[in-house]
Amino acid sequence: MEVSGADEHVTEALSPEQLVARLAEKKASEVASRFPEAAVIGSDTVVDGEILGKPHSREEAVSMLRRLSGREHRVHTAVQILSPTGSRSLVSTAEVHFAPMTDREIEWYVSTGEPMDKAGAYGIQGFGALLIEGIQGDYYNVMGLPVCRLGGILRQLGVDCLRLAAGERDSD
């Protein structure tokens, strides 16, 4: 896995869907420029409303969680695939139903450190699962990578995802 060094700053006004698509493309392009013969997957996730990315401070994480508490919001994840055999992109959206939280619960959750590298300041796959009343859409999208849809696109590009996931190599 390679981490992108792409500049994630975007100055133009974009919808959440357009923003994540732009950021996923920037990330994939930067890595692909270093590995032109490889298939590269770039992705990005934001929580909409006010377009919540990753918090930059403890205070910002607390503020985000207070805004989400007891509300519904959408999580948008974009994936950009660049490969020698072609390129594809997708944007996936899921709706998340957040439980109401007390200030004490928010403070406790932020003290775990989990919110600090997550869009919207929560991770559904960790302690953040305690905050989620339900979702409509793809659970993996909320985690940050819509795995099934990604697999479908990779199959279109000739990648046998099931064999690859099992550690098998193509013998042809």
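Throughout, residue positions are numbered sequentially from 1 according to the sequence presented. Just so we're clear, the structure is a prediction, and the values are computed from it rather than from any experiment.
A salt bridge between R34 and E2 is present, with a side-chain N of the basic residue lying under 4.0 Å from a carboxylate O of the acidic one. Using a 4.0 Å cut-off between charged nitrogen and carboxylate oxygen, K26 and D44 do not count as a salt-bridge pair. A salt bridge is defined here as a Lys NZ or Arg NE, NH1 or NH2 lying under 4.0 Å from an Asp or Glu carboxylate O, and R149 with D138 fails to meet this definition.
Residues P84 and A38 share a closest heavy-atom pair of CD-O, 3.6 Å. Residue S83 comes nearest to L157 through the heavy atom pair OG-CD1, 4.2 Å, listed as atom of the first residue, atom of the second, then distance. Residues A78 and A24 approach most closely at O-CB, 3.7 Å, considering heavy atoms. Residues D7 and H9 approach most closely at OD1-N, 2.9 Å, considering heavy atoms.
Once rounded to the nearest 0.5 Å, the distance linking CD of Q136 with OG1 of T93 reads 12.5 Å. With values rounded to the nearest 0.5 angstrom, S63 atom OG is found 8.5 Å from L52 atom CG. Atom CG in L14 sits 5.5 Å away from atom CZ in R22 (nearest 0.5 Å). Note that OG of S69 and CE of M64 are 15.0 Å apart. Values are rounded to the nearest 0.5 Å. To the nearest 0.5 Å, atoms OG1 (T77) and OH (Y140) are separated by 14.0 Å. Between the CG atom in L19 and the CD atom in E8 there is a gap of 9.5 Å [rounded to 0.5 Å].
Tracing side-chain contacts under 4.5 Å through hydrophobic residues (I, L, V, M, F, W, Y), one reaches Y109 starting from M143; they form part of the same cluster. Linking ILVMFWY residues whenever their side-chain heavy atoms come closer than 4.5 Å, directly or via other members, leaves L82 and V20 in distinct clusters. Each of L90 and V40 belongs to its own hydrophobic cluster when Ile, Leu, Val, Met, Phe, Trp and Tyr are linked at side-chain heavy-atom distances under 4.5 angstrom.
Although no hydrogens or angles enter the test, the distance criterion places no donor-acceptor pair under 3.5 Å between the side chain of Q80 and the main chain of G42. Checked by atom type and distance alone, the side chain of E30 never pairs as donor or acceptor with a backbone atom of K27 at under 3.5 Å.
Using a 3.5 Å distance cut-off with no hydrogens or angles, the side chains of E107 and S111 do not pair a donor with an acceptor. Side-chain contact of S57 with E60: a donor-acceptor pair under 3.5 Å is absent, judged by distance alone.
Listed by first and then second residue, the salt bridge (Lys or Arg N to Asp or Glu O under 4.0 Å) pairs that reach into residues 90-99 are R74-E95, sequence neighbours excluded.
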Scan the side chains in residues 115-130 for donor-acceptor partners under 3.5 Å anywhere in the protein, sequence neighbours excluded, and list what turns up.
residue: Y122; atom: OH; partner: H73; partner atom: NE2; Å: 2.7

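Between H97 and the choices R71, E72, E133, the side chain to side chain donor-acceptor pair (under 3.5 Å) rule is met once, by E72. Just one of L131, V75, N141 meets the side-chain contact (heavy atoms from CB on, under 4.5 Å) condition when paired with V96; it is V75.
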